[in-house]
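Note sheet for the following structure.
Bear in mind the structure is a predicted one, so any value in this text is a computation, not a measurement.
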Amino acid sequence: QVQLVESGGGLVQAGGSLRLSCAASGRTISSYAMGWFRQAPGKEREFIAAINAAISWRAGNEYYADSVKGRFTLSRDNAKNTVYLQMNSLNAEDTAVYYCAAGRGVGSRDLAAYDYWGQGTQVTVSS
């Protein structure tokens, strides 16, 4: 079992930055692909970014949704068992609840590929 707890959300002005954290417990995250997703009111949960498990083929490869590419950066600190999502140049369309997730092997855009989910953290961008 892996427990995931997100933090770092909040209210930010358009053009600003936030860094989300996802602290894991129970298992080491290096064994898992880690993903970030978000869900805006009235919309489906969507893929944001993912990174392959450190022990997988193409370990450490990162993947991003086109909507955040160049603005968001995912990173993983295996020593702290934590993944981060650095978000820059935020705009109102980035307002959502952000979730981290842990899955097997290779990072995926598919929600079904992830076995464990955090409770989410709210990000609100004011225009």
Side-chain angles (χ1 to χ4, degrees):
Q1 285 280 1
V2 179
Q3 292 78 42
L4 303 172
V5 178
E6 302 95 335
S7 61
L11 175 64
V12 63
Q13 288 187 337
S17 299
L18 281 175
R19 188 177 80 156
L20 305 184
S21 300
C22 173
S25 60
R27 296 277 180 89
T28 176
I29 61 169
S30 62
S31 302
Y32 293 88
M34 300 299 296
W36 283 95
F37 293 77
R38 68 186 180 189
Q39 188 166 17
K43 295 187 177 181
E44 294 186 350
R45 194 169 298 188
E46 65 173 354
F47 168 79
I48 295 299
I51 186 169
N52 288 353
I55 58 173
S56 70
W57 181 62
R58 294 187 177 177
N61 276 22
E62 299 168 18
Y63 311 92
Y64 295 92
D66 289 343
S67 59
V68 305
K69 199 172 295 182
R71 300 189 297 124
F72 291 11
T73 303
L74 185 154
S75 61
R76 174 169 55 200
D77 186 333
N78 291 330
K80 294 183 178 180
N81 221 29
T82 299
V83 293
Y84 303 96
L85 185 68
Q86 177 67 44
M87 307 186 296
N88 299 327
S89 302
L90 287 161
N91 57 62
E93 288 70 40
D94 296 316
T95 295
V97 177
Y98 284 70
Y99 299 88
C100 72
R104 301 177 186 273
V106 179
S108 173
R109 300 170 183 267
D110 185 358
L111 278 72
Y114 296 88
D115 300 312
Y116 305 101
W117 291 83
Q119 83 291 347
T121 185
Q122 175 71 47
V123 172
T124 303
V125 183
S126 63
S127 56

| Going from CG on Leu90 to OG on Ser126, what distance comes out if it is rounded to the nearest 0.5 angstrom? | 10.0 Å
| request: Grab the two heavy atoms, one from Lys43 and one from Gln39, that are nearest each other, plus how far apart they are. | output: O-NE2, 3.1 Å
| Minimal non-hydrogen separation, Ala96 against Ala40, with atom names | CB-N, 3.8 Å
| said: Quick check: is Tyr32 connected to Trp117 through a chain of hydrophobic side chains (ILVMFWY, heavy atoms under 4.5 Å apart)? | reply: no
| request: Kindly say whether the aromatic ring centers of Tyr63 and Phe47 come within a distance under 6.0 Å. | output: no
| Parallel, tilted or perpendicular: rings of Phe72 and Tyr98 (30°, 60°) | tilted
| request: Working to the nearest 0.5 Å, report the span between OH of Tyr114 and CG of Leu4. | output: 11.5 Å
| task | Drop me the distance from Cys100's SG to Gln119's CD, to the nearest 0.5 angstrom. | result | 8.0 Å
| said: Can you see whether Tyr99 has Arg45 sitting over its ring - NZ or CZ less than 6.0 Å from the centre and within 45° of the normal? | reply: yes
| query | What are the two closest non-hydrogen atoms of Gly107 and Asn52, and how far apart are they? | reply | N-OD1, 2.7 Å
| said: I want to check something: taking the side chain as every heavy atom from C-beta on, are Asn81 and Arg27 in contact at a cut-off of under 4.5 Å? | reply: no
| query | Can you find a heavy atom in the side chain of Arg71 that is under 4.5 Å from one in the side chain of Tyr64? | reply | no
| field | Smallest separation among heavy atoms of Ala14 and Ser127, with atom names | value | CB-CA, 4.2 Å
| note | Between the CD1 atom in Ile29 and the CE atom in Met34, the distance rounded to the nearest 0.5 Å is 5.5 Å
| field | Main-chain N/O of Ser7 paired with Thr121 side-chain donor or acceptor, under 3.5 Å | value | no
| message | Please report the interatomic distance CD(Glu46) to CZ(Phe37), rounded to the nearest 0.5 Å. | response | 10.0 Å
| said: With heavy-atom distances below 4.5 Å as the criterion, would you say the side chains of Asp94 and Met87 are in contact? | reply: no
| field | Gln86 and Tyr84 side chains, donor-acceptor separation under 3.5 Å | value | no
| task | Any chance you could measure Leu85, atom CG, to Thr73, atom OG1, to the nearest 0.5 Å? | result | 8.0 Å
| query | If Ile, Leu, Val, Met, Phe, Trp and Tyr residues are connected whenever their side-chain heavy atoms lie under 4.5 Å apart, and connections chain through other members, are Leu74 and Val97 in the same group? | reply | no
| Side-chain heavy atoms of Val68 within contact of Arg38, under 4.5 Å | yes
| message | Can you give me the closest heavy-atom contact between Ser21 and Thr82, atom names plus distance? | response | CB-CG2, 4.3 Å
